[in-house]
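Comments concern the structure below.
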Amino acid sequence: MVKIDIIGAPTAFGQPKLGVSLGPDAVRLCGLKEHLSQLGHDVADKGNVYGKYRAEYGNHSERNEEGLMNFNQVKDFSEALAASVEGSLDNNRFPFIVGGDHSLSIGSVSGVTKKYNNLGVLWIDAHGDINNSDTSPTGNIHGMPLGVLLGEGSRSLVDIHHEGAKLKHENIVLIGVRDLDTGEKAYIKEHGIKCYTMSDVRRLGLDVVITKALKHLQDCDGIHLSLDVDSLDPLEIKGTGTKVDGGIFLSEMLLGLNILSKTELLVSADLVEVNPLIDNCNETAEKAVVISEYIFGQSQI
Ligand SMILES: NC(=[NH2+])NCCC[C@H](N)C(=O)O
Ligand SMILES: [Mn+2]
Ligand SMILES: [Mn+2]
């Protein structure tokens with residue numbers, strides 16, 4: 001039995017498309033809390049985190065002097081989310097953050113690393129999200145959370161919630177990537193970051209990849225899962241803002257998560273980039289609920 005806090009993180013400031021701030025409610029409407037409770041967990045829904053800017057009314061075109069989009073909004077939201085995540089851990093509950101765009105991981109991981117100072121991160125995504133203000137082709141902060149968490153780029157983002165870099169390069173494993181920017185490729189190579197591309201997933205199977213990733217992170221004091229739904233194949237997942245062909249199929253994702261759910265080290269998770277406004281009848285949110293069940297131990301028999 002896991003004591004789970006669902007934390008809605010309805011931010012859209014990390015990218016330009018409208019609708020991703022509705023992700024948490026789209027997933028709730030598919031019965032997230034009920035389904036996790038049926039697995040025998042103690043589930044509470046803490047509602048949504050809001051900073052002082054409301055995403056629904058936000059200005060999605062404000063750039064700061066470094067070219068970062070909605071910088072103040074992302075920083076403010078990250079602080080609010082980090083506090084909520086830390087609060088859940090203080091109460092011995094597992095923070096399960098439902099987004100919202102992937103910039104929210106700046107806040108979630110900053111909250112978790114207040115308690116875990118050797119945190120491992122499994123980043124399942126079509127993208128690396130390891131840009132910074134120099135390498136980003138877009139200025140969209142949802143392409144930069146890992147960069148920020150590793151201490152790169154804007155000081156005032158790096159210092160969110162507690163000072164300095166939150167993660168070590170050797171404690172990150174990227175899985176499913178197939179759309180890296182030039183600067184991201186260089187950064188990953190330079191720092192020797194563990195990376196299982198989509199080709200690796202195809203060749204080895206996601207179950208083997210997750211097993212290897214867990215082995216790589218075995219000396220961490222906890223593991224955070226950050227799952228971007230655009231890691232999945234666009235044939236099955238329509239409701240997300242930056243789709244990339246050739247992704248993970250739902251069936252293999254469930255197989256991989258089945259392995260992951262057995263580790264004692266998992267302490268927190270994000271499920272991000274569900275955008276019901278570009279979806280087909282909310283089916284991405286429905287699949288997000290199935291994915292959530294498997295994170296928390298669902299199995300096929
Ligand atoms: N979380 C995401 N969906 N990120 C997409 C990032 C796309 C691109 N690499 C960028 O920096 O803008
Ligand atoms: Mn992505
Ligand atoms: Mn992402």
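Numbering of ligands and ligand atoms starts at 1, following listing order.
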How far is [atom] from its nearest protein heavy atom, and which residue and atom name does that atom have?
atom	answer
atom 7 (C) of ligand 1	His127 CD2, 3.9 Å
atom 8 (C) of ligand 1	Asp181 OD2, 3.5 Å
atom 11 (O) of ligand 1	Asn131 ND2, 3.0 Å
atom 2 (C) of ligand 1	His142 ND1, 3.3 Å
atom 4 (N) of ligand 1	Asp129 OD1, 2.9 Å
atom 3 (N) of ligand 1	Thr242 OG1, 2.8 Å

[X] neighbourhood, listing ligand 1 atoms whose heavy-atom distance to it stays under 4.0 Å:
X	value
Gly143	6 (C), 11 (O)
Asp228	1 (N), 2 (C), 3 (N)
Asp230	3 (N)
His102	1 (N)
Thr138	10 (C), 11 (O), 12 (O)

ask   = Going through the checks in order, is the salt bridge (charged side-chain N to carboxylate O under 4.0 Å, His left out) test met by Asp245 and Arg178?
value = CA-CA 9 Å; Asp245 284 338; Arg178 54 194 183 276; over 6 Å; no
Report yes if the distance between the aromatic ring centroids of [X] and [Y] is under 6.0 Å, otherwise no.
X	Y	result
His191	His169	yes
Phe13	Phe71	no
Tyr50	Phe77	no
Trp123	His224	no
His216	Tyr196	no

key: Residue portion contacting ligand 1 (non-hydrogen atoms closer than 4.0 Å) for Gln15   = neither
request  = Determine, step by step, whether Asp90 and Lys115 satisfy the salt bridge (charged side-chain N to carboxylate O under 4.0 Å, His left out) criterion, reporting the C-alpha distance in whole Å, the side-chain angles of both residues, the deciding distance to 0.1 Å, and the verdict.
outcome  = CA-CA 9 Å; Asp90 278 339; Lys115 303 275 158 209; 2.5 Å; yes
message = Counting C-beta onward and ignoring hydrogens, is there a side-chain heavy-atom pair between Phe96 and Asp270 closer than 4.5 Å?
response =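 Result no, sub-4.5 Å side-chain heavy-atom pair not found.
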task = Mind running side chain to side chain contact (heavy atoms under 4.5 Å, CB included) on Leu260 and Ile295 for me, showing each step along the way?
result = CA-CA 7 Å; Leu260 177 63; Ile295 294 173; 5.6 Å; no
Modelled atom types, side-chain donor and acceptor of His127 and Asp230, under 3.5 Å = yes
Thr197 and Asp200: side chain donor to acceptor below 3.5 Å =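 The criterion, which ignores hydrogens and geometry beyond distance, is satisfied for Asp200 and Thr197.
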ask   = Among Ile141, Val74, Leu81, whose side chain to side chain contact (heavy atoms under 4.5 Å, CB included) with Leu104 holds?
value = Leu81
task = Could you please give the number of protein N/O/S atoms within less than 2.8 Å of the Mn ion (ligand 2)?
result =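 N, O or S atoms of the protein closer than 2.8 Å: 5.
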